[in-house]
Amino acid sequence: MEKFEFFTVFAPTIAIVGVAGMVAWMFTTWLRVKNGYPLENSWGTSVYPKNNDEAMERIKLISQENAQLRAELGSIKDRLANVERIVTDSSHSLDREIEQLRGKRN
């Protein structure tokens with residue numbers, strides 16, 4: 001009878017720990033899929049994402065787009081630096097620079 005009392009006392013705790021472990025496993029699997037990490041089966045081979053030609057082409061296109069966006073961001077940073085310089089510069093020196101530029105044209 002004492003053996004059964006042990007199970008009746010600890011059975012809910014064991015069940016809660018088991019359910020919590022399954023929920024944690026499902027959550028980590030969801031995070032991996034969401035962020036593109038490879039999933040592995042019980043033998044250690046990759047299940048998701050599949051490494052095929054289509055995926056490699058997509059990676060290549062995304063890399064090219066990333067390079068273009070970085071170049072564009074660099075030019076925008078340069079333009080923003082010029083705008084900040086103009087805005088923070090005193091109006092007297094700005095007028096002087098504009099007049100110098102007008103004088104170079106004539």
Side-chain angles (χ1 to χ4, degrees):
M1 209 55 169
E2 291 178 13
K3 293 180 182 179
F4 294 119
E5 288 177 17
F6 174 78
F7 288 119
T8 58
V9 172
F10 290 109
T13 305
I14 293 170
I16 290 172
V17 169
V19 169
M22 286 189 286
V23 169
W25 174 76
M26 290 188 319
F27 181 71
T28 56
T29 302
W30 174 76
L31 280 177
R32 284 181 169 197
V33 169
K34 179 182 173 207
N35 293 309
Y37 287 99
L39 297 180
E40 298 174 349
N41 63 9
S42 59
W43 295 99
T45 58
S46 181
V47 175
Y48 174 84
K50 301 284 186 193
N51 291 333
N52 57 16
D53 294 334
E54 182 181 333
M56 298 307 286
E57 186 65 27
R58 287 180 60 208
I59 290 171
K60 191 167 102 176
L61 290 173
I62 289 172
S63 298
Q64 290 173 353
E65 182 183 11
N66 189 12
Q68 291 171 349
L69 291 174
R70 285 182 184 269
E72 186 177 343
L73 181 63
S75 67
I76 289 174
K77 282 183 178 179
D78 292 341
R79 293 174 70 186
L80 181 62
N82 288 335
V83 169
E84 287 176 346
R85 185 182 55 83
I86 290 171
V87 169
T88 59
D89 202 6
S90 67
S91 62
H92 177 37
S93 63
L94 181 61
D95 289 338
R96 188 176 63 233
E97 286 182 27
I98 291 173
E99 291 303 322
Q100 285 177 351
L101 291 172
R102 285 183 183 161
K104 286 182 182 178
R105 260 197 243 160
N106 295 334

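In this text the structure is predicted, and so the values were computed from the model without any measurement.
- Distance check: Asn66 CG to Leu61 CG gives 12.5 Å after rounding to the nearest 0.5 Å.
- Rounding to the nearest 0.5 angstrom, the gap separating the CG atom in Leu101 from the CZ atom in Arg96 is 12.0 Å.
- In this structure, Gln64 and Lys60 have side chains that are in contact, with non-hydrogen atoms separated by less than 4.5 Å.
- A donor-acceptor pair under 3.5 Å is formed between the side chain of Asn35 and the backbone N or O of Leu31.
- In this structure, Arg32 and Thr29 have side chains that are not in contact, with every pair of non-hydrogen atoms separated by 4.5 Å or more.
- With sequence neighbours excluded, the residues forming a side-chain hydrogen bond (donor to acceptor under 3.5 Å, both in side chains) with Glu99 are Arg102, listed by chain and number.
- Expressed to the nearest 0.5 Å, how far CG of Leu73 lies from CG of Leu80 amounts to 10.0 Å.
- Every residue two or more places apart in sequence or in another chain that forms a side chain to side chain contact (heavy atoms under 4.5 Å, CB included) with Asn82 is listed here: Arg85.
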